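Following: one structure in structure tokens, then a few remarks.
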Amino acid sequence: MNETIKSIKGRRSIRKYKDKEVPKDILEELIDCARLAPSARNAQPWEFIVITEKETLKKLGEVISTGSFVEDAAVCIVICGNLVNHHLIEDGSAATENILVAAHSLGLGACWVAGYNRTYNNKVKEILGIPGDKALVSFIPIGYPDEVTAKRATRDLKEVIHWEKY
Ligand SMILES: Cc1cc2nc3c(=O)[nH]c(=O)nc-3n(C[C@H](O)[C@H](O)[C@H](O)COP(=O)(O)O)c2cc1C
């Protein structure tokens with residue numbers, strides 16, 4: 001199978017990580033993949049915050065109710081940007097997926113943790129010093145995987161594909 005297709009199909013959400021650092025050059029590679037995602041009008045409204053300090057990861061894990069496992073990750077990438085750009089969420093989501101697929105292809109595990117319009121957003125902004133006019137899109141905890149995920153329930157190809165008309 002083609003390597004790209006293999007990475008897309010093999011990616012899973014990983015929420016348990018080994019206690020092992022991810023080298024800085026790999027983190028830069030992930031952000032490089034993110035910033036090359038498609039962007040409406042090529043506005044590239046995104047900013048990427050890379051967090052590796054254990055203390056900050058712990059604080060994030062405490063406030064992100066659906067992502068307490070952030071505190072066990074080697075790193076967490078936070079995607080945010082200016083909502084004045086009406087495509088921030090779409091562009092930021094494309095960048096998020098690029099990171100997830102690239103991380104998987106490099107032997108890392110990651111998970112998309114909801115960031116947009118969540119009750120914990122103000123607390124996260126305070127912890128990370130994110131200006132009030134910025135909106136959060138996603139959190140991506142990353143590390144070397146320490147779990148094997150069970151086969152997931154997916155909607156069948158035949159069920160979701162529509163040829164020519166709905
Ligand atoms: C927009 C979005 C938000 C998500 N938020 C969370 C989250 O807050 N916490 C979490 O554990 N997983 C979250 N996920 C991961 C999904 O639960 C996961 O992708 C889904 O169960 C399918 O599993 P898979 O990624 O292994 O294919 C989110 C995924 C998306 C696309």
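Numbering of ligands and ligand atoms starts at 1, following listing order. Source: prediction; values computed, not measured.
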Are the side chain of E147 and the backbone of K16 linked by a donor-acceptor contact shorter than 3.5 Å?
yes
Excluding I77, membership of its hydrophobic cluster (Ile, Leu, Val, Met, Phe, Trp, Tyr; side-chain heavy atoms within less than 4.5 Å) reads V22, I26, L27, L30, I31, W46, F48, V50, V75, I79, L83, L88, I89, I99, L100, L106, L108, W112, Y116, V137, I140, I142, Y144
Closest approach of K9 to R152 (non-hydrogen atoms, all atoms of both residues)
O-NH2, 4.0 Å
Short N or O contacts of ligand 1 with protein, under 3.5 Å, listed by atom name?
residue, atom, partner, partner atom, Å
ligand 1, 5 (N), W112, O, 3.3
ligand 1, 5 (N), A114, N, 3.1
ligand 1, 8 (O), T66, OG1, 2.7
ligand 1, 8 (O), A114, N, 3.1
ligand 1, 9 (N), T66, O, 2.9
ligand 1, 11 (O), R15, NE, 2.8
ligand 1, 11 (O), R15, NH2, 3.3
ligand 1, 12 (N), R15, NH2, 3.1
ligand 1, 12 (N), W112, O, 3.4
ligand 1, 14 (N), W112, O, 2.9
ligand 1, 17 (O), R15, NH2, 3.2
ligand 1, 19 (O), S13, OG, 3.4
ligand 1, 25 (O), R11, NH1, 3.0
ligand 1, 25 (O), R11, NH2, 3.2
ligand 1, 25 (O), S13, N, 3.4
ligand 1, 25 (O), S13, OG, 2.6
ligand 1, 26 (O), R12, NE, 2.8
ligand 1, 26 (O), R12, NH2, 3.4
ligand 1, 26 (O), S13, N, 2.8
ligand 1, 27 (O), R11, NH2, 3.1
ligand 1, 27 (O), R152, NH1, 2.2

Can any side-chain N or O of D72 pair as donor or acceptor with the backbone N or O of Y17 at less than 3.5 Å?
no
Between E3 and K6, is the closest basic N to carboxylate O distance under 4.0 Å?
yes
Is a donor on one side and an acceptor on the other found under 3.5 Å between the side chain of K125 and the backbone of A135?
no
